[in-house]
Amino acid sequence: AADAATTKNLDIISDWPTAKFLLFNLDSYAKLRARGVKVRLITEKPSASDKKHKELSKQCSELFEIRYLGRAVPMKAAVYDGKVANLRVRTHQDNDMIPSLWSDNAAFVQVIMAYYEKLWEQAQSDTR
């Protein structure tokens, strides 16, 4: 899907449990790294008992950056190469498939990216 077609960068806003699943359990993340795709992740601060964020912080490099908000993420979204955006439209978690709005409309992608950059500037690069 979009992950497989991404060649330059992937910008993600996600809650910590979902981000942790994506980065530690999905083969697509490893494939993105192998292709040299730059991944930037904005997520909330994980609980002190969750040790995966330390493991993830060690992976930070020029191809992977993570920043933490001091509050819950206000939305869940991803932008692929600045051309396609995905916005999750359900706010509660359950076992059903989570509906998402996918669009390659340039104005929609630009709005999501502008909000992403605003959050990126507010977020911190460590969990302190």
Side-chain angles (χ1 to χ4, degrees):
D3 288 357
T6 303
T7 60
K8 296 177 185 168
N9 49 16
L10 172 58
D11 298 309
I12 304 167
I13 304 168
S14 181
D15 60 276
W16 176 244
T18 303
K20 185 168 63 170
F21 174 78
L22 291 172
L23 298 174
F24 286 102
N25 298 317
L26 291 184
D27 191 39
S28 59
Y29 174 65
K31 290 178 181 176
L32 287 168
R33 290 182 67 186
R35 288 198 316 270
V37 173
K38 179 173 176 131
V39 177
R40 293 190 305 167
L41 168 65
I42 299 171
T43 190
E44 68 239 1
K45 291 182 183 179
S47 69
S49 62
D50 191 327
K51 304 300 181 205
K52 286 288 189 184
H53 73 276
K54 289 182 182 175
E55 185 179 334
L56 194 58
S57 293
K58 291 177 186 175
Q59 294 181 27
C60 287
S61 67
E62 63 184 43
L63 289 179
F64 178 73
E65 289 183 77
I66 184 170
R67 291 195 183 174
Y68 302 94
L69 291 175
R71 61 189 190 286
V73 292
M75 63 187 272
K76 297 169 184 83
V79 179
Y80 303 82
D81 285 337
K83 297 177 184 175
V84 176
N86 168 334
L87 175 65
R88 288 168 106 188
V89 294
R90 178 182 281 166
T91 56
H92 68 278
Q93 295 289 335
D94 59 26
N95 291 329
D96 292 333
M97 194 160 171
I98 298 173
S100 296
L101 174 62
W102 286 87
S103 180
D104 62 357
N105 176 281
F108 178 76
V109 173
Q110 185 177 18
V111 167
I112 299 297
M113 267 318 296
Y115 189 64
Y116 184 94
E117 293 299 340
K118 178 182 173 187
L119 287 179
W120 185 255
E121 292 302 316
Q122 294 173 358
Q124 298 176 336
S125 59
D126 60 33
T127 57
R128 284 181 260 170

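Only heavy atoms go into these numbers, but all of them, side chains included; no hydrogens, no water, no symmetry mates.
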For residues [X] and [Y], determine if any side-chain heavy atom of one lies less than 4.5 Å from a side-chain heavy atom of the other.
| X | Y | result |
| --- | --- | --- |
| L69 | P74 | yes |
| I42 | Q122 | no |
| K76 | D15 | yes |

Do you know the tightest heavy-atom contact between [X] and [Y]?
| X | Y | value |
| --- | --- | --- |
| V109 | G82 | CG1-O, 3.3 Å |
| L119 | I13 | CD1-CD1, 3.9 Å |
| W120 | L41 | CZ3-O, 3.6 Å |
| A123 | R67 | CB-CB, 3.4 Å |
| N86 | W102 | ND2-CZ2, 2.8 Å |
| A78 | L10 | CB-CD1, 4.1 Å |

Would you compute the distance between atom CG of D81 and atom OG1 of T7 and round it to the nearest 0.5 angstrom?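 Going from the CG atom of D81 to the OG1 atom of T7 covers 4.0 Å.
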Between CE of M113 and CZ of F108, what distance do you get to the nearest 0.5 Å?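 M113 CE to F108 CZ: 12.5 Å, rounded to 0.5 Å.
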So that I can tick it off, tell me whether D11 and R40 are bridged by a salt bridge, with the cut-off set at under 4.0 angstrom between side-chain N and carboxylate O.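 Yes, this pair counts.
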